Engineer: 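Starting off with a structure, shown below.
Residue numbering restarts at 1 for every chain, and letters A, B, ... go by the order of the sequence lines. Nothing here was measured: the structure is a model prediction, and the numbers come from that model.
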Amino acid sequence: MPPRTRFAPSPTGYLHIGSVRTALYAWLYARRHGGEYILRIEDTDRERSTQEAVDAILNGLDWLGLDADEGPIYQTQRFGRYREVLDRLLEQDKAYRCYCTREEIDAMRAAAMDKGEKPRYDGRCRSGDRVRGDVEPVVRFKNPLSGEVVLDDLVKGRIVFDNAELDDLIIARSDGTPTYNFTVVVDDADMRITHVIRGDDHVNNTPRQINMFRALGVEPPAYAHLPMIHGPDGAKLSKRHGAVNVLEYRAMGFLPQALLNYLLRLGWSHGDQEIFTLEEMQRLFDLDKVSRSAASFDPMKLLWVNQQHIQAAPEEQLVGLLRGQLEAQGVDPASGPPLELTVEALRERSQTILEMAEQAHCYYEEYEELDEKSAKAHLRPVAREVLVDLREAFGALDDWSESATQQVVERVAEGRGVKLGKVAQPLRVALTGRAASPGIGVTLVLVGKARTLERIDRALRYVDSRGQ
RNA sequence: GCUCCCUUCGUCUAGCGGUCUAGGACGCCGCCCUCUCAAGGCGGAAACACGAGUUCGAGUCUCGUAGGGAGCGCCA
């Protein structure tokens with residue numbers, strides 16, 4: 001039977017980087033085994049769920065290419081169904097109304113803590129004889145009082161829970177709306193989910209959910225609980241550690257396949273392989289290689305993975321991304337060399353598309369000012385005659401190709417009896433405003449003849465002004 | 001406090017009783033290449049949390065200790 005997995009975020013904020021890994025694993029597992037992956041929006045908390053959050057989640061998943069076979073399914077659309085199941089449970093005496101007030105519950109918890117026990121509901125309404133009219137009751141699930149629940153987790157192995165440790169959890173609020181632990185069971189059952197892949201902050205909920213499946217007469221799915229992702233300092237991953245919102249990674253110029261690759265490797269391995277194509281991820285992923293311990297998010301390695309993918313990405317993808325990034329920065333991509341050229345020149349020296357765009361600026365518009373350190377080091381009075389030679393030779397050059405321009409630079413160096421670096425570096429600073437760029441021939445092509453001449457003049461003015 | 005989980009270089013990890021003087025990757029350091037920056041190549045420093053036990057033999061199995069994490073909501 002092909003597996004059916006699901007990703008079930010609650011729309012109370014942006015799409016978190018940790019959630020994305022969960023989604024990725026669920027998606028990959030379905031793809032790997034020829035199954036289906038379903039997206040379900042868990043919006044039963046109407047106080048906190050927002051449309052903006054739903055959009056952010058949808059946009060994020062769309063950007064990453066984690067396409068769902070079914071959904072998005074909204075839980076708020078299924079209230080009728082939950083009501084139906086709830087009534088059935090009530091009729092079958094597998095759930096009951098609880099008339100305890102919040103004050104009573106609080107006192108109960110405090111007392112349990114005092115006795116050194118786990119704070120839990122003591123089941124005082126379980127027998128159904130505390131009915132009263134002045135309190136809108138909640139509905140609680142009748143958890144078995146004894147015995148144990150065995151969870152054979154696909155990543156953590158066997159975990160045994162004692163039913164005596166579990167209390168009767170609320171499955172419907174006093175306003176009648178269902179709660180998470182109930183809707184998740186009804187949905188996973190109705191949607192015939194075979195593998196629940198989720199964060200391991202849910203392990204402690206699992207035994208109660210399994211009990212509910214049994215109460216419903218449905219075989220529980222298999223579970224795979226993924227360890228958490230921590231920040232570089234080992235603490236819970238938060239904004240302090242950089243972006244946790246996936247959409248920010250798009251803005252920062254990360255490739256979706258790179259982010260996926262990094263997240264995939266954070267907690268899963270395939271021998272020594274670090275870089276995976278989308279195709280390889282789908283072919284190679286499986287739950288048995290998922291690590292059991294929490295991992296720390298390392299932004300430096302993400303950068304490296306992104307760079308690897310930039311080097312491997314199809315040119316069209318990079319051109320599209322660079323165009324978008326330049327436009328976002330107010331630079332007109334049409335006012336310089338073809339983007340293909342720029343991409344090929346910069347892809348090996350860019351860790352992000354944002355970085356690539358910053359390096360590309362000077363090929364599309366005048367650079368603001370010379371980098372001070374670079375100018376001081378290379379635009380010295382001794383460079384003057386070299387720049388003059390270059391100005392003259394370039395002015396007479398018609399074949400503005402990489403090889404032809406490169407030859408001009410070499411000839412000037414020979415003519416003056418200096419090393420290539422003594423010519424290329426001042427020229428590079430003149431052309432780009434800084435001391436680092438692609439090879440000098442490529443840089444000349446990117447800048448173009450007209451701008452080259454202008455910028456050499458500009459550099460000469462700088463040298464002169466400096467000499468005084 | 002109670003329940004559950006986790007523990008190999010700083011970080012991600014390989015390791016599924018002998019092949020481990022513990023391998024790879026990021027980062028770091030050095031060298032090479034070189035017109036700069038990258039990329040690439042070569043080399044280096046860097047780890048089995050601790051203690052018992054099982055076994056001829058333990059990073060690998062068991063138990064304890066320590067440390068870390070999660071959960072204990074009319075949140076999901």
Engineer: So, are A/Glu84 and A/Arg81 salt-bridged, with charged N and O less than 4.0 Å apart?
Structural biologist: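 Salt bridge present between A/Glu84 and A/Arg81.
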Engineer: B/C72 C1' sits how many Å from A/Asn204 CG, rounded?
Structural biologist: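 From A/Asn204 CG to B/C72 C1': 8 Å.
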Engineer: Check every strand shown and say whether A/Glu410 touches a base, only sugar-phosphate, or nothing at a heavy-atom separation below 4.0 Å.
Structural biologist: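 Counting heavy atoms under 4.0 Å across all strands, no contact is made by A/Glu410.
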Engineer: With the side chain of A/Ser291 defined as its heavy atoms from C-beta on, choose the nearest nucleotide among B/U11, B/C5, B/U13.
Structural biologist: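 The listed nucleotide nearest to A/Ser291's side chain is B/U13.
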Engineer: Side-chain N or O of A/Arg109 versus OP1/OP2 of B/C74: is the shortest distance under 4.0 Å?
Structural biologist: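 Looking at the OP1 and OP2 atoms of B/C74, one of them is under 4.0 Å from a side-chain N or O of A/Arg109.
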Engineer: Grab the CG-C1' distance between A/Leu420 and B/C33 for me, whole Å please.
Structural biologist: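 In whole Å, B/C33 C1' and A/Leu420 CG are 15 Å from each other.
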Engineer: I'd like the P distance from B/C63 over to B/U54, given in whole Å.
Structural biologist: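 These two P atoms come out 15 Å apart once rounded.
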Engineer: Taking atom C1' in both B/G15 and B/A52, what distance in whole Å separates the two?
Structural biologist: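 Here B/G15 and B/A52 have their C1' atoms 24 Å from each other.
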Engineer: Regarding A/Glu410 and A/Gln406, do their side chains bring together a donor and an acceptor under 3.5 Å, going by distance alone?
Structural biologist: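 Their side chains do contain a donor-acceptor pair, which is all the 3.5 Å distance test asks for.
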Engineer: Using the C1' atom in both, what is the distance from B/C32 to B/A38, to the nearest Å?
Structural biologist: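 The answer is 16 Å between these two C1' atoms.
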Engineer: Would you indicate which nucleotide in B/U3, B/C37, B/C35 comes nearest to any side-chain atom of A/Glu165?
Structural biologist: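 Nearest nucleotide to the side chain: B/U3.
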Engineer: Could you check whether A/Ala295 gets within reach of a base, just the sugar-phosphate, or nothing at all, counting any heavy atom under 4.0 Å?
Structural biologist: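 A/Ala295: backbone/sugar contact only, no base atoms under 4.0 Å.
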Engineer: Base, sugar-phosphate or nothing for A/Ile440? Non-hydrogen atoms, less than 4.0 Å.
Structural biologist: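 If one applies the 4.0 Å heavy-atom cut-off, A/Ile440 turns out to touch a base.
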Engineer: Taking only Lys NZ, Arg NE, NH1 and NH2, and the carboxylate oxygens of Asp or Glu, determine whether A/Arg83 and A/Asp87 approach each other closer than 4.0 Å.
Structural biologist: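 Here A/Arg83 pairs with A/Asp87 in a salt bridge, since their nearest N and O are under 4.0 Å apart.
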Engineer: Rounded to whole angstrom units, what separation is found between the NE2 atom of A/His270 and the C1' atom of B/G15?
Structural biologist: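 Value for this atom pair: 15 Å.
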Engineer: Would you say the side chain of A/Asp272 and the base of B/G23 hold a donor-acceptor pair, judged only by whether the two atoms sit under 3.5 Å apart?
Structural biologist: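 Checked by distance alone, the answer is yes.
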Engineer: How far, in whole Å, is B/U34 from B/A45 if one measures between their C1' atoms?
Structural biologist: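 Each nucleotide's C1' atom is 27 Å from the other's.
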Engineer: Return the pairing partner of B/C31 with a 3.5 Å limit on both distances, Watson-Crick or G-U wobble; otherwise return none.
Structural biologist: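 Answer to the pairing question: B/G41, which forms a Watson-Crick or G-U pair with B/C31.
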Engineer: What's the CG-P distance between A/Leu427 and B/C35, to the nearest Å?
Structural biologist: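 Rounding to the nearest Å, CG of A/Leu427 and P of B/C35 are 15 Å apart.
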Engineer: Classify the nucleic acid contact of A/Gly439 as base, sugar-phosphate or nothing, counting any heavy atom under 4.0 Å across all strands shown.
Structural biologist: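 Counting heavy atoms under 4.0 Å across all strands, the contact made by A/Gly439 includes a base.
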Engineer: Let me know the distance between CG of A/Asp201 and P of B/G68, rounded to the nearest Å.
Structural biologist: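 The answer, rounded to whole Å, is 20 Å.
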Engineer: Are OP1 or OP2 of B/A76 and a side-chain N or O of A/Thr44 less than 4.0 angstrom apart?
Structural biologist: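 Yes, such a contact exists.
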Engineer: Go through B/G69, B/C74, B/A76 for me and flag the one nearest to the A/Ser174 side chain.
Structural biologist: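 Closest nucleotide to the A/Ser174 side chain: B/C74.
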Engineer: Please measure how far the C1' atom in B/G71 lies from the corresponding atom in B/G30, and state the result in whole Å.
Structural biologist: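 Those two atoms are separated by 49 Å.
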Engineer: Heavy atoms from C-beta onward define the side chain here; which of B/C74, B/U11, B/C5 lies closest to that of A/Ser296?
Structural biologist: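 Of B/C74, B/U11, B/C5, B/U11 is nearest to the side chain of A/Ser296.
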Engineer: Which is true for A/Arg434 with a 4.0 Å heavy-atom rule: it touches a base, it touches only sugar-phosphate, or it touches nothing?
Structural biologist: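 No contact.
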Engineer: When you measure from the centre of the six-membered ring of A/Phe141, is the NZ or CZ of A/Arg208 closer than 6.0 Å and no more than 45° off the axis?
Structural biologist: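 Here A/Arg208 fails the 6.0 Å and 45° test against A/Phe141.
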Engineer: Is the ring pair A/Trp268/A/Phe285 parallel, tilted or perpendicular, if the boundaries are 30 and 60 degrees?
Structural biologist: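 A/Trp268 vs A/Phe285 ring planes: tilted.
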Engineer: Which nucleotide, if any, forms a Watson-Crick or G-U wobble pair with B/U65, using both distances under 3.5 Å?
Structural biologist: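 Pairing partner, where one exists within any strand: B/A49.
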Engineer: Once you apply a heavy-atom cut-off of 4.0 Å, does A/Asn205 come out as touching a base, just sugar-phosphate, or nothing?
Structural biologist: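 A/Asn205: base contact, heavy atoms under 4.0 Å.
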Engineer: Out of B/C35, B/G23, B/C26, which nucleotide sits closest to the side chain of A/Lys301?
Structural biologist: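 Looking only at heavy atoms from C-beta outward on A/Lys301, the closest nucleotide is B/C26.
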Engineer: If I pick the C1' atom on B/A14 and the same atom on B/A25, what distance separates them, to the nearest angstrom?
Structural biologist: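 Roughly 11 Å separates the two C1' atoms.
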Engineer: For the residue pair A/Phe297 and A/Tyr262, does the interplanar ring angle fall in the parallel (under 30°), tilted (30 to 60°) or perpendicular (over 60°) class?
Structural biologist: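 Taking A/Tyr262 first and then A/Phe297, their aromatic rings stand perpendicular (interplane angle over 60°).
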Engineer: To the nearest Å, how far apart are A/Asp371 CG and B/U36 P?
Structural biologist: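 Nearest whole value for this atom pair: 17 Å.
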Engineer: Taking only the P atom of each, what is the distance from B/C48 to B/G23 in whole angstrom?
Structural biologist: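 Straight-line distance between the two P atoms is 13 Å.
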Engineer: Have a look at A/Arg120 and say if it touches a base, only the backbone sugar-phosphate, or nothing, with a 4.0 Å heavy-atom cut-off.
Structural biologist: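 Nothing, no nucleic acid heavy atom in range.
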Engineer: Heavy atoms under 4.0 Å, any strand shown: does A/Pro438 hit a base, just sugar-phosphate, or nothing?
Structural biologist: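 Answer is base: heavy atoms of A/Pro438 come under 4.0 Å of a base.
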Engineer: Side chain of A/Trp304 only, please: which of B/C4, B/A76, B/G27 is the nearest?
Structural biologist: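 My answer, after comparing the listed nucleotides, is B/G27.
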Engineer: Are any of A/Thr179's side-chain N or O atoms less than 4.0 Å away from OP1 or OP2 of B/C74?
Structural biologist: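 Indeed not, no polar side-chain atom of A/Thr179 lies that close.
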Engineer: Would A/His202 count as stacked on B/A76 if the rule is ring centres under 5.5 Å and plane angle under 30°?
Structural biologist: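 A stacking contact exists, since A/His202 sits close and nearly parallel to the base ring of B/A76.
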Engineer: If we call it a pair only when both distances are under 3.5 Å in a Watson-Crick or G-U wobble match, what pairs with B/C74?
Structural biologist: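 The base-pairing partner of B/C74, which may sit in any strand shown, does not exist here.
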Engineer: Taking the side chain of A/Glu42 as heavy atoms from C-beta outward, which of B/C74, B/A76, B/U11 is closest to it?
Structural biologist: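 The closest nucleotide is B/A76.
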Engineer: How is A/Gln311 classified with respect to the nucleic acid when contacts are heavy atoms under 4.0 Å: base, sugar-phosphate, or nothing?
Structural biologist: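 Sugar-phosphate only.
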Engineer: Counting side-chain heavy atoms from CB outward, which of B/C35, B/U11, B/U13 is closest to A/Arg265?
Structural biologist: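 Out of B/C35, B/U11, B/U13, the nucleotide with an atom closest to A/Arg265's side chain is B/U13.
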Engineer: Looking only at side-chain atoms of A/Glu274, point me to the closest of B/C12, B/A38, B/C4.
Structural biologist: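 The nucleotide sitting nearest to the side chain is B/C12.
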Engineer: Using a heavy-atom cut-off of under 4.0 Å over every strand shown, decide if A/Met113 touches base, sugar-phosphate, or nothing.
Structural biologist: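 Contact class for A/Met113: base.
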Engineer: Just name whichever nucleotide pairs with B/G18, Watson-Crick or G-U, keeping both distances under 3.5 Å, else none.
Structural biologist: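 Pairing partner, where one exists within any strand: B/C56.
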Engineer: What integer number of Å spans the P atoms of B/A22 and B/A47?
Structural biologist: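 Their P atoms lie roughly 10 Å apart.
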Engineer: By the 4.0 Å heavy-atom rule, please label A/Ser437 as base, sugar-phosphate, or nothing.
Structural biologist: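 Answer is base: heavy atoms of A/Ser437 come under 4.0 Å of a base.
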Engineer: Any base atoms under 4.0 Å from A/Gln406, or only sugar-phosphate, or nothing? Heavy atoms, all strands.
Structural biologist: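 It contacts base atoms.
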Engineer: Charged N to carboxylate O under 4.0 angstrom, A/Glu274 versus A/Lys301?
Structural biologist: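 Answer for the salt bridge query: yes.
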Engineer: The side chain of A/Pro119 is closest to which nucleotide in this list: B/C72, B/U7, B/C12?
Structural biologist: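 Comparing B/C72, B/U7, B/C12 against the side chain of A/Pro119, the answer is B/C72.
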Engineer: Whole angstrom is fine here: how far is it from CG in A/Leu379 over to P in B/C35?
Structural biologist: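 So the two atoms are 20 Å apart, to the nearest Å.
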Engineer: Do side-chain atoms of A/Ser19 reach the backbone of A/Leu15 as a donor and acceptor pair under 3.5 angstrom?
Structural biologist: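 Here the side-chain-to-backbone pair does not exist.
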Engineer: Report the C-alpha distance between A/Tyr223 and A/Val155 in whole Å, list the side-chain angles of each, state the deciding distance to 0.1 Å, and finish with yes or no for side-chain contact (heavy atoms from CB on, under 4.5 Å).
Structural biologist: CA-CA 8 Å; A/Tyr223 290 91; A/Val155 348; over 6 Å; no
Engineer: A/Arg208 CZ to B/G73 P: how many Å, rounded?
Structural biologist: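 Answer to the nearest Å: 8 Å.
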Engineer: Paired with B/A25: which nucleotide, if any, by Watson-Crick or G-U wobble criteria at under 3.5 Å for both distances?
Structural biologist: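 Matched B/A25 with B/U11 under the 3.5 Å cut-off.
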Engineer: Is A/Arg292 side chain donor-acceptor paired with the B/C6 base, going by distance under 3.5 Å alone?
Structural biologist: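 Between B/C6 and A/Arg292, which were checked side chain against base, a qualifying N/O pair under 3.5 Å is absent.
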Engineer: Is any NZ, NE, NH1 or NH2 atom of the basic residue among A/Arg40 and A/Asp188 found under 4.0 Å from an Asp or Glu carboxylate oxygen of the other?
Structural biologist: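 Salt bridge between A/Arg40 and A/Asp188, a charged N being under 4.0 Å from a carboxylate O: yes.
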